[in-house]
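Have a look at this one.
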Amino acid sequence: MKKLLIRGGKKLEGSVEIVGAKNAALPLMVSSILTSEKLTLTNIPHVSDIANMANLLISLGIAVEMDGSPQDFGSQGRVLKFDASKISNPVAPYELVRKMRASIFILGPLLARMGKAKVSLPGGCAIGTRPVDLHLKAMEKLGAKIELHGGYIEASVDGRLKGAEINFEKVSVGATENAMMAATLAEGETVLNNAACEPEIIDLANCLNAMGAKIFGAGTPRIIIHGVERLGSARHRIISDRIEAGTYAIAAGITGGKIRLIGPEMWIMTGFKEELEKAGIVLKQVSSNEIEVSREGAVINPVSISTHPYPGFPTDMQAQFMSLMAIANGASTIEETIFENRFMHVLELVRMGANIEAHGNISVVKGVKELSGAEVMATDLRASVSLVLAGLVANGETIINRLYHLERGYERLAEKLISCGADIKILY
Ligand code: EPZ
């Protein structure tokens, strides 16, 4: 299994391309189910979750075509074309769903387009139990019959889904996206209350509206959808990945270097920009789509955070921020309010000499002067990148096992860091 070997201590200098957002691309790809006409998505990131989603859609009978080649990191290789005119098989098998929980997003669009769906229940996940009850309740509200058999969700509806008022008990990105997509083809009006407001939801709504949907209020807790008979074709550019941008911002700050992020606008840093600045990281928009990141002083200031749905501090930046706080000039607390088991990186960072104690959903981080390299284990996507960030500043060598976690959501991470002067090798 591939591993990453990092020799720490280098200040990073250079520029990094920030690609399209994985968490926008996945539901956008699924939205192709809703139309029998072509959907073209550009700025596609080359990460393994995208390949998994493409395979799932192909298994449903959707034609998926890439413009350039997978090796083409120019704009062409970032274009996927979808044609669901011959969709035939509304089934998502366990084999595909267990690889990627986002497979659950197909439930709503399949119900709306084909009136039935059989989707494997996604199993457990390293960061939490992650039930899908809010997705199922939303589909039932829209008139679907939902049954669970042998680990599968079997859903069906007579005729079209019916518009309804849905009050989410909890803010859920995925359930908001699933219900919003399903409601585009429902009869009448749907209102989603306590909806998630993430930028990825705005991006999805913009694409659906370009396909002919009538969605209002995406990005606010109250979304209104007027159902239409059918959707058409569209060409849509995926927004930049704010979590990838935030990760490289911390790479610049933690090494005391300077990195230019190519692609994003400053607004996508909402939710964590202030905390980075309080820690001593400087973010400057130097052109319409370039942000320069550097560190102000010699030390990193301790900053306590608590994760929350957007526009709060994103849980997907929590682990990376913990690595920064591990070498801060003082103590901080990190509270995780979204997922109940998202501190798997704590003991791995402690193996690298960090002074962190986790008590339930709060970790107390006492900054240390220096970290030391060690062999560590990646457990999930964001935990693995927090170990990379720690390895960049640790004395000596860090070896990170289970690289596949990283490849799910970071495109060419090692290559990008090496281009900024990091001493990294991929061990096969
Ligand atoms: C999305 O997951 C992201 N994934 C996650 O990113 C991200 O961490 C999460 O939103 C929160 O921002 C994608 O977009 C593909 P939720 P999602 O539904 O939609 C509970 C990464 O690292 N809940 O907003 O699955 C749930 O257990 C990934 O890129 C229910 O109880 O997250 C959690 O505690 C990791 N019942 C909370 O709500 C449900 O039916 C928020 O989850 C659904 C969710």
Side-chain angles (χ1 to χ4, degrees), residues 19-31 45 47-50 52-53 56 97 99-108 119 121-141 146 148 153 166-181 192 194-204 221 238-239 241-247 270-272 307-321 335-342 344-345 361 378-386 405-411:
V19 298
K22 164 184 81 80
N23 290 348
L26 295 172
L28 281 164
M29 291 168 75
V30 167
S31 71
V47 295
S48 61
D49 270 7
I50 299 294
N52 287 333
M53 185 59 86
L56 175 60
V97 174
K99 287 197 190 124
M100 183 186 56
R101 310 181 56 77
S103 311
I104 189 76
F105 293 167
I106 68 172
L107 180 65
V119 180
L121 271 167
C125 169
I127 65 176
T129 52
R130 302 184 75 178
V132 293
D133 57 318
L134 300 175
H135 298 246
L136 304 185
K137 285 179 190 150
M139 297 309 142
E140 283 176 330
K141 271 272 179 180
I146 303 274
L148 302 181
I153 302 160
I166 297 172
N167 303 315
F168 288 114
E169 298 146 37
K170 201 172 181 176
V171 174
S172 159
V173 174
T176 300
E177 291 167 335
N178 222 331
M180 187 168 78
M181 288 192 277
L192 305 180
N194 198 26
C197 306
E198 270 66 6
E200 293 76 25
I201 291 173
I202 302 172
D203 205 37
L204 177 61
I238 299 167
I239 54 170
D241 193 323
R242 59 197 171 101
I243 306 299
E244 186 191 28
T247 302
T270 305
F272 54 87
T307 64
H308 286 287
Y310 191 88
F313 192 98
T315 172
D316 295 348
M317 281 292 295
Q318 177 257 98
Q320 299 93 310
F321 197 79
E335 182 186 24
E336 174 57 56
T337 72
I338 308 282
F339 292 109
E340 66 276 19
N341 190 33
R342 203 166 204 182
M344 298 289 277
H345 41 287
N361 72 336
T379 48
D380 62 79
L381 171 59
R382 309 303 172 183
S384 46
V385 85
S386 78
H405 283 295
L406 268 175
E407 291 166 342
R408 292 194 55 178
Y410 288 96
E411 178 188 303

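Predicted model only: the values in this text are computed from it and were never measured. For ligands, and for the atoms within them, numbers begin at 1 and follow the listed sequence. Along the sequence shown, residues carry numbers from 1.
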(message) Using a 4.0 Å heavy-atom cut-off, which part of Met100 comes near ligand 1: side chain, backbone, both, or neither?
(response)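 Neither; no heavy atom under 4.0 Å.
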(message) How far is atom 17 (P) of ligand 1 from the closest protein heavy atom, and which atom is that?
(response)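 Of every protein heavy atom, Arg130 NH2, 3.7 Å lies nearest to atom 17 (P) of ligand 1.
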(message) If you take the nearest heavy atom of each of Val47, Asp316, Ile104, Asp241, which one is closest to atom 7 (C) of ligand 1?
(response) Asp316
(request) Using only heavy-atom distances, determine whether the side chains of Gln320 and Thr247 contain a donor-acceptor pair under 3.5 Å. (result) yes
(message) Counting only heavy atoms closer than 4.0 Å, does ligand 1 sit against the backbone of Arg382, its side chain, both, or neither?
(response) side chain
(message) Among all protein heavy atoms in this structure, tell me which lies nearest to atom 24 (O) of ligand 1, with the distance rounded to 0.1 Å.
(response)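 Ranking protein heavy atoms by distance from atom 24 (O) of ligand 1, first comes Val173 N, 2.7 Å.
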(request) Starting from atom 36 (N) of ligand 1, find the nearest protein heavy-atom neighbour and note its residue, name and distance. (result) Asp133 OD1, 2.7 Å
(request) Of the side chain and backbone of Ile338, name the one, both, or neither that has a heavy atom under 4.0 Å from an atom of ligand 1. (result)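 For Ile338, the contact with ligand 1 is made by both the backbone and the side chain.
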(request) May I ask you to decide if Phe339's main-chain N or O and Glu336's side chain share a donor-acceptor pair within less than 3.5 Å? (result) yes
(request) For the pair Asp49 (side chain) and Met100 (backbone), establish whether a donor and an acceptor sit closer than 3.5 Å, ignoring hydrogens and angles. (result)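 No: the side chain of Asp49 does not pair with the backbone of Met100.
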(request) Could you point out which residue of Asp316, Asp380, Asn361 forms a side chain to side chain donor-acceptor pair (under 3.5 Å) with Arg342? (result) Asp316
(request) Among all protein heavy atoms, pick out the one at the shortest distance from atom 18 (O) of ligand 1; state its residue, atom name and that distance to 0.1 Å. (result) Ser172 OG, 2.6 Å
(request) Of the side chain and backbone of Glu177, name the one, both, or neither that has a heavy atom under 4.0 Å from an atom of ligand 1. (result)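 Looking at Glu177 and ligand 1, no heavy atom falls under 4.0 Å.
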(message) Tell me the protein heavy atom at minimum distance from atom 32 (O) of ligand 1, and give that distance in Å.
(response)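 Protein heavy atom with the smallest distance to atom 32 (O) of ligand 1: Phe339 CZ, 4.0 Å.
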(message) Checking the side chain of Asn194 only, and the main-chain atoms of Phe168 only, is there a donor and an acceptor separated by less than 3.5 Å?
(response) yes
(request) Tell me which one of Asn23, Val171, Thr307 gets a heavy atom nearest to atom 15 (C) of ligand 1. (result) Asn23
(message) For atom 43 (C) of ligand 1, what is the closest protein heavy atom, and at what distance to 0.1 Å?
(response)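 Residue, atom and distance for the closest contact: Pro131 O, 3.4 Å.
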(message) Looking at Ala196, is its backbone amide N or carbonyl O close enough to the side chain of Thr176 to form a donor-acceptor pair, meaning the two atoms are under 3.5 Å apart?
(response) yes
(message) Please classify the Thr315 to ligand 1 contact at 4.0 Å (heavy-atom distances, strictly less than): side chain, backbone, both or neither.
(response)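 It is the side chain that touches ligand 1; the backbone stays farther off.
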(request) Have a look at ligand 1 and work out which part of Glu340, if any, has a heavy atom under 4.0 Å from it: side chain, backbone, both or neither. (result) neither
(request) Could you check atom 40 (O) of ligand 1 against the protein and tell me its nearest heavy-atom contact, residue, atom and distance included? (result) Leu134 N, 2.8 Å
(message) Among all protein heavy atoms in this structure, tell me which lies nearest to atom 35 (C) of ligand 1, with the distance rounded to 0.1 Å.
(response)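 Going by distance alone, atom 35 (C) of ligand 1 is nearest to Arg342 NH2, 3.6 Å.
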